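Everything numeric in this text was worked out from a predicted model, so none of it was measured. The basis for the numbers below is simple: all heavy atoms, side chains too, and nothing from hydrogens, waters or symmetry mates. Letters A, B, ... are given to chains in the order of the sequence lines, protein chains preceding strands, and every chain is numbered from 1.
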There are 2 protein chains.
Amino acid sequence: MKSSQKQTIYDIARQAGASPSTVSSALNGTWKARRIREDTVKRIKAIAADLGYSVNLQARGLRKARSGLVGMILPEHDNRFFSQLSQTFTTETRRRGLCPVIVSTRRDPGEEAKTVESLISYAIDSLIIVGASDPEALSRLCRNAGIGHVFVDQPCQSAPSVASDNHRGAEVLAETLMARMPPQRPDAPRSWLYFLGGDATLYASSQRIAGFRAAVSAQTGTVRAEQIIACGYEREPARQALKDLHDRLGGLPAGLLINSITSFEGVIAYLGALPETEIRDCVIGCYDYDPFGMLLRFPVDMIRQRANALIEEAYGHLDGGDDAPALTLIEPILVPAQEDQSAPA
Amino acid sequence: MKSSQKQTIYDIARQAGASPSTVSSALNGTWKARRIREDTVKRIKAIAADLGYSVNLQARGLRKARSGLVGMILPEHDNRFFSQLSQTFTTETRRRGLCPVIVSTRRDPGEEAKTVESLISYAIDSLIIVGASDPEALSRLCRNAGIGHVFVDQPCQSAPSVASDNHRGAEVLAETLMARMPPQRPDAPRSWLYFLGGDATLYASSQRIAGFRAAVSAQTGTVRAEQIIACGYEREPARQALKDLHDRLGGLPAGLLINSITSFEGVIAYLGALPETEIRDCVIGCYDYDPFGMLLRFPVDMIRQRANALIEEAYGHLDGGDDAPALTLIEPILVPAQEDQSAPA
DNA sequence: AACCGTTGCGCAATCGATGAAGCAACGTTA
DNA sequence: TAACGTTGCTTCATCGATTGCGCAACGGTT
């Protein structure tokens with residue numbers, strides 16, 4: 001490491017008594033194809049190491065019209081599901097010798113669009129879009145820039161998409177919960193199973209609601225509108241919605257299917273204020289998984305989405321240059337509630 | 001959006017009957033300083049919008065020797081503490097009109113170095129380094145490239161650093177736990193408070209261990225080596241360590257201070273297999289916070305690190321161009337255990 | 001009319017790496 | 001020995017945006 005100033009291939013060329021293009025190909029691995037002698041390459045590499053040289057990837061990217069960056073946008077970082085996606089995405093990206101750029105956009109369509117445009121300006125090689133609010137708009141931006149892209153979680157009509165089998169997952173979860181509940185009576189709202197959280201206008205939630213409906217009506221013959229409370233993906237609204245439900249019913253219902261881990265946090269916050277005995281009478285499940293869910297004061301069935309399978313599948317499309325619109329479903333996993341270990345008094 | 005081919009300022013210049021340099025400054029906001037008429041700017045902007053033009057940031061970056069990218073490296077994504085840092089970092093970065101690049105490096109020094117080099121090759125404007133394994137090496141890389149950098153969580157001797165006040169946090173947590181425990185007896189290892197998890201060779205853990213020691217010896221006059229089990233930051237080792245402790249003591253100890261949320265997951269996994277009554281006799285706390293920790297089957301005191309304060313402080317150094325080595329401590333917050341609501345039988 | 005300041009913009013070099021094309025030197029073959 | 005293929009490089013244009021310098025046109029002064 002000689003100087004602290006930026007070294008370029010020209011500096012190396014001067015020291016090596018070679019031309020910049022020789023240095024370039026010696027360092028980027030194309031030297032065999034360009035018939036550079038191995039001695040020369042070694043000499044150049046030695047000088048480069050000595051000078052503490054590192055390529056300027058902006059210059060290379062400008063020349064080659066690709067950057068070696070791969071983008072991923074997602075709603076938020078602070079969420080087990082999304083951060084598992086980030087982890088897998090990072091691993092897969094670096095395995096390919098590329099650099100991951102993960103940006104969270106708070107489910108804000110404007111923010112999403114601005115971020116995608118900005119990533120395009122950096123000439124990212126491809127883009128994975130998780131939980132988009134407006135998939136079509138984003139897909140248009142990418143297509144216009146000629147950038148390969150895949151949607152995850154929230155699919156897009158006009159691009160390859162990968163998602164959990166939300167319908168099936170919610171159905172299985174609802175069935176599991178009902179098996180732990182006393183029979184539901186049509187005239188007793190407190191005896192019903194409720195669906196809480198999510199945004200019914202979005203794909204994932206609507207699929208889960210459909211799965212919920214299928215399971216419930218298979219057992220009870222019908223589903224009431226009040227059983228479905230899609231209060232959004234955030235924490236506080238979920239808490240408030242549960243409070244309202246509790247007030248309205250005069251107690252907790254017999255069953256709760258919470259849609260998304262963040263809503264579950266709100267539910268937890270509310271339940272924390274209730275007497276334990278009351279919670280015991282409510283069967284609870286959550287679509288999404290958190291390891292801590294397994295040791296709560298009450299048993300919780302959880303649905304675990306296969307983050308790595310989702311990303312691997314998405315990368316499969318990108319690697320293959322496949323841009324045909326098609327939705328791939330990945331079956332999620334039911335993580336059954338741990339039986340409570342406390343000796344029943 | 002005319003063509004799907006990349007548009008450049010030259011294309012716009014041709015259409016506008018202007019020179020590329022005029023187009024450039026019209027679009028990048030320097031047009032006033034360059035005395036371009038406002039009409040001209042408007043005309044150019046209209047054409048740019050029509051063509052669906054977007055700047056090539058690689059070209060700009062090459063010319064200006066900065067990229068508009070700000071890097072952050074951290075050990076893992078799938079961890080509440082780190083993902084909160086990611087979230088705040090993203091917000092702060094975009095607020096400055098820059099683009100966040102967050103890469104996780106699995107606490108692997110080689111991976112860390114390679115990642116930093118790669119980020120430097122992209123000409124990032126500055127870098128935040130979270131939980132580094134080898135801070136000095138990374139700092140050297142950055143200094144050599146003339147890149148402003150700040151360490152978070154794991155400080156560095158030769159660069160500005162920000163960390164939680166781990167000593168104080170662990171001390172407070174230990175005190176809180178001991179207040180819930182029966183008095184410790186020197187000859188009864190099962191009556192002691194144990195420290196479990198983390199890597200004693202790293203700054204954060206060593207500080208926490210010191211805080212733990214201070215609190216415990218203030219109460220009992222002494223701390224045994226066996227009370228401190230620094231089995232690493234991963235899940236499985238923590239689980240195994242607890243199992244070993246349990247086997248050795250013939251039961252759970254009176255108190256456990258778990259170092260890090262990931263270790264806590266391992267602990268949870270082991271506790272799940274024990275009868276509830278046994279867990280009730282063990283007072284538990286965790287250094288790090290997870291909202292789900294609040295409603296576990298047993299009360300847990302938790303220390304919450306102030307992710308946003310950490311990032312804001314770090315950005316303060318970067319914005320100010322401050323590269324003087326100095327460690328800033330941020331006091332973490334004790335989140336006391338929720339009293340158990342279950343009616344004691 | 002000569003001079004000057006201002007306005008509005010164009011010219012051309014530059015950032016660092018890449019790669020197509022070309023060239024000199026040497027050995028081979030006919 | 002003339003023609004030709006190889007080897008091992010060098011030359012130079014290029015990617016797209018930026019920016020220091022310069023210049024023409026115009027209005028106003030003296």
Side-chain angles (χ1 to χ4, degrees), chain A residues 3 5-45 48 51-68 118 120-123 125 145-146, chain B residues 3 5-45 47-48 51-68 118 120-125 145-146:
Chain A
S3 141
Q5 287 324 293
K6 282 276 162 94
Q7 305 289 345
T8 73
I9 51 170
Y10 297 89
D11 300 315
I12 298 176
R14 207 173 315 121
Q15 279 211 30
S19 77
S21 74
T22 302
V23 173
S24 173
S25 72
L27 295 179
N28 69 20
T30 59
W31 56 273
K32 271 190 185 153
R34 309 199 66 202
R35 297 193 314 241
I36 310 292
R37 238 188 314 160
E38 190 151 5
D39 308 13
T40 313
V41 172
K42 279 191 183 153
R43 184 164 38 98
I44 289 176
K45 282 190 173 168
L51 257 46
Y53 169 82
S54 74
V55 228
N56 184 325
L57 290 176
Q58 301 204 88
R60 172 185 293 173
L62 175 58
R63 185 60 227 263
K64 315 232 282 192
R66 341 181 72 236
S67 61
S118 147
I120 288 174
S121 288
Y122 280 109
D125 296 348
Chain B
S3 142
Q5 288 324 296
K6 281 276 171 72
Q7 305 289 343
T8 74
I9 52 171
Y10 296 89
D11 300 315
I12 298 176
R14 207 173 315 120
Q15 279 210 28
S19 76
S21 72
T22 301
V23 174
S24 173
S25 72
L27 295 178
N28 70 17
T30 58
W31 56 273
K32 272 188 184 153
R34 293 185 69 98
R35 295 191 317 241
I36 310 292
R37 237 189 313 161
E38 189 150 7
D39 307 13
T40 312
V41 172
K42 279 192 181 150
R43 183 164 39 96
I44 289 176
K45 282 190 173 167
I47 295 176
L51 258 46
Y53 169 82
S54 74
V55 230
N56 184 325
L57 290 175
Q58 301 204 90
R60 173 184 291 172
L62 174 59
R63 183 61 228 260
K64 313 232 280 192
R66 342 181 71 236
S67 61
S118 145
I120 287 173
S121 288
Y122 280 109
I124 49 167
D125 297 348

If I take atom [atom1] in residue [X] and atom [atom2] in nucleotide [N], what distance separates them, rounded to the nearest angstrom?
| X | N | atom1 | atom2 | answer |
| --- | --- | --- | --- | --- |
| A/Gln7 | C/dA17 | CD | C1' | 15 Å |
| B/Asp39 | C/dT7 | CG | P | 15 Å |
| B/Ile9 | C/dA12 | CD1 | C1' | 13 Å |
| A/Tyr10 | C/dA13 | OH | C1' | 13 Å |
| A/Leu27 | C/dG19 | CG | P | 13 Å |
| B/Leu62 | C/dT14 | CG | C1' | 9 Å |
| A/Arg14 | C/dA17 | CZ | P | 12 Å |
| B/Tyr122 | C/dG16 | OH | C1' | 15 Å |

Which atom of B/Ala26 lies closest to which atom of B/Lys45, heavy atoms considered: O-CE, 3.7 Å

Most 5' of A/Pro20 and B/Leu57 on DNA chain D, judged by nearest nucleotide: A/Pro20

Answer yes or no: are there more than 12 heavy-atom neighbours, outside B/Arg66 itself, under 6.0 Å from its atom CZ? no

How is [X] classified with respect to the nucleic acid when contacts are heavy atoms under 4.0 Å: base, sugar-phosphate, or nothing?
| X | answer |
| --- | --- |
| A/Ser25 | nothing |
| A/Arg37 | sugar-phosphate |
| B/Arg35 | base |
| A/Thr8 | sugar-phosphate |
| A/Val23 | nothing |

Mapping B/Ala18 and B/Arg63 to their closest nucleotides on DNA chain C, which lands nearer the 5' end? B/Ala18

For a 4.0 angstrom threshold against heavy atoms of chain A, report the outermost contacting nucleotides of DNA chain D in 5' to 3' order. D/dT7 to D/dG16

Is there a donor-acceptor pair closer than 3.5 Å between any side-chain N or O of B/Ser19 and the backbone N or O of B/Thr22? yes

Has the side chain of A/Ser121 got a donor or acceptor atom that lies under 3.5 Å from a matching backbone atom of B/Ser54? no

Determine, for B/Arg14 against B/Asp11, whether the closest basic-nitrogen to carboxylate-oxygen distance falls under 4.0 angstrom. yes

Worked check of side-chain contact (heavy atoms from CB on, under 4.5 Å) between A/Asn56 and A/Thr8: CA-CA 8 Å; A/Asn56 184 325; A/Thr8 73; over 6 Å; no

Given the structure, check if the side chain of B/Ser21 and the base of C/dC11 hold any donor-acceptor pair shorter than 3.5 Å. yes

Min side-chain heavy-atom separation A/Tyr10-A/Val23 under 4.5 Å: no

